[in-house]
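So the structure is just underneath, and the comments pick up after that.
Counting convention: from 1, in listed order, for ligands and their atoms alike.
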Amino acid sequence: MQRYEEWADTIIGKIRKKMEWCSEKNKDRIPYRTDENGNYDDRSDVTIKWRPDDGLNWWTNGFWGGILWLLYQDTGEERYARIARVSEKKMEQCFQDFYGLHHDVGFMFVPTAVADFRLTGNPDSRRIAMHAAAILAGRFNPVGRFIRAWNDLEEDTRGWAIIDCLFNLSLLYWASEESGDPRFRQIAMMHADTVRENFIRPDGSVCHIVEFDPETGRKVRSLGGQGYGEGSSWTRGQGWALYGFTISFLHTGKQEYLETAKKVADYCMAHVPESGIIPVDFRQPPQPAWEDSCGACVIAGGLLELAKCMPEGEREKYEDTAVKILRVIAETRADFGENCDAIVQNCSAAYHTPEHHFTMSYADYYFIEAIYKIKGVGRLLW
Ligand code: GLY
């Protein structure tokens with residue numbers, strides 16, 4: 001990756017400068033997105049009446065801590081560890097509340113508690129992360145061999161599994177590696193196998209949601225979820241699949257996971273537009289031209305991680321596409337100034353939601369993580 005290191009250095013300089021003041025300003029918060037004045041919200045603010053899974057247990061709450069651990073790995077500055085631990089400790093309250101917790105305990109506790117334990121050996125973090133892993137394992141449906149995604153809100157979701165969950169498997173892999181108990185890894189692999197068989201289409205495009213009968217495990221249907229519709233190709237979901245199967249391969253060495261990651265990656269690379277701007281869905285109509293910079297960063301990060309598993313001569317095309325995507329973000333969709341707490345702009349949570357093109361803490365996480373990958377800074381937290 002030497003050919004891109006100089007460029008990455010300039011972006012890292014901008015990230016450091018921004019995070020210096022931004023981390024201090026938001027040191028007691030757990031941010032998700034910025035408001036119209038560029039200020040981060042706070043999902044841990046108990047004076048706000050959040051919906052049942054939008055507050056302290058909001059699925060993105062681990063990414064703020066994750067950003068700080070990335071900066072800690074880069075700079076070695078203790079203050080980043082100190083601020084990261086604020087959100088880790090606050091989120092622990094979710095175990096007491098329990099109701100509203102979901103499969104995204106992986107997204108919540110890998111970049112916080114697992115990262116803390118891996119980087120500092122903090123025994124308290126090990127306890128928190130093991131607790132989260134036990135909750136995630138408890139969501140496994142042994143007949144359908146899948147991890148249940150969400151809780152029932154407006155509909156019965158007992159049989160729903162979603163592509164995003166591949167990232168939560170990291171928590172289970174870590175729990176087995178750390179405790180020596182294979183059950184966590186076994187559950188993770190059974191889920192990954194189910195996803196491989198039921199979510200990945202022959203052309204490498206991916207379903208967002210698959211519903212199984214929760215009693216018999218029989219596949220019932222697939223749903224469009226956050227993408228354009230059933231049969232479409234939600235870009236962030238493509239990223240979760242490509243990066244997620246790469247992670248499953250790294251933890252298990254199972255060749256089929258690497259092949260699946262490559263298949264999804266090849267599909268993504270064939271569909272990245274000439275402009276390098278990533279739409280919300282690779283199969284959405286040309287207008288409105290909704291973008292998702294967050295999906296862009298997840299795809300780029302996945303391509304860079306996958307490239308590391310490839311021999312020389314094969315890996316360069318993945319690296320080149322990843323950097324093409326990241327350049328567009330860094331040079332046209334990033335705010336490194338002081339008027340906005342977030343860096344990455346133009347993210348979209350879903351195709352059909354009324355609002356598009358806003359900021360998301362996890363877009364910043366995956367952007368920063370990907371830039372550090374180019375330089376080889378830090379270890380993989382997943
Ligand atoms: N995990 C949900 C999302 O990517 O928006």
Could you tell me how the ring of W290 sits relative to the ring of H357: parallel (under 30°), tilted (30 to 60°) or perpendicular (over 60°)?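 Correct class here is perpendicular.
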Plane angle bin for F167 and F107 - parallel if under 30°, tilted between 30 and 60°, otherwise perpendicular: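 The rings of F107 and F167 lie parallel, inter-plane angle below 30°.
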Could you tell me if R327 sits above the aromatic ring of W7, with its cationic atom closer than 6.0 Å to the ring centre and no more than 45 degrees from the axis?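 Judged by the rule, R327 and W7 form a cation-pi pair.
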Could R185 and Y173 be counted as a cation-pi pair, given that NZ or CZ must be under 6.0 Å from the ring centre and within 45° of the axis?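 That pair does not qualify as a cation-pi contact.
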Using only atom types and a distance under 3.5 Å, with no angle test, would you say the side chain of D42 pairs donor to acceptor with the backbone of I30?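 Present.
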Should you measure from each heavy atom of R236, which atoms of ligand 1 turn up under 4.0 Å away?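 Counting atoms of ligand 1 from 1, those under 4.0 Å from R236 are 3 (C), 4 (O), 5 (O).
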Option nearest atom 1 (N) of ligand 1 (shortest heavy-atom distance, choices I162, I163, D164):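 Answer by nearest heavy atom: D164.
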Counting only heavy atoms, which portion of Y362 has something under 4.0 Å from ligand 1: side chain, backbone, both, or neither?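 Answer for Y362: side chain.
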Looking only at heavy atoms of W234, does any of them come nearer than 4.0 Å to an atom of ligand 1?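 Flag set, W234 near ligand 1.
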May I ask you to check whether W240 has an N/O atom sitting below 3.5 Å from an N/O atom of ligand 1?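 By distance alone, the answer is yes.
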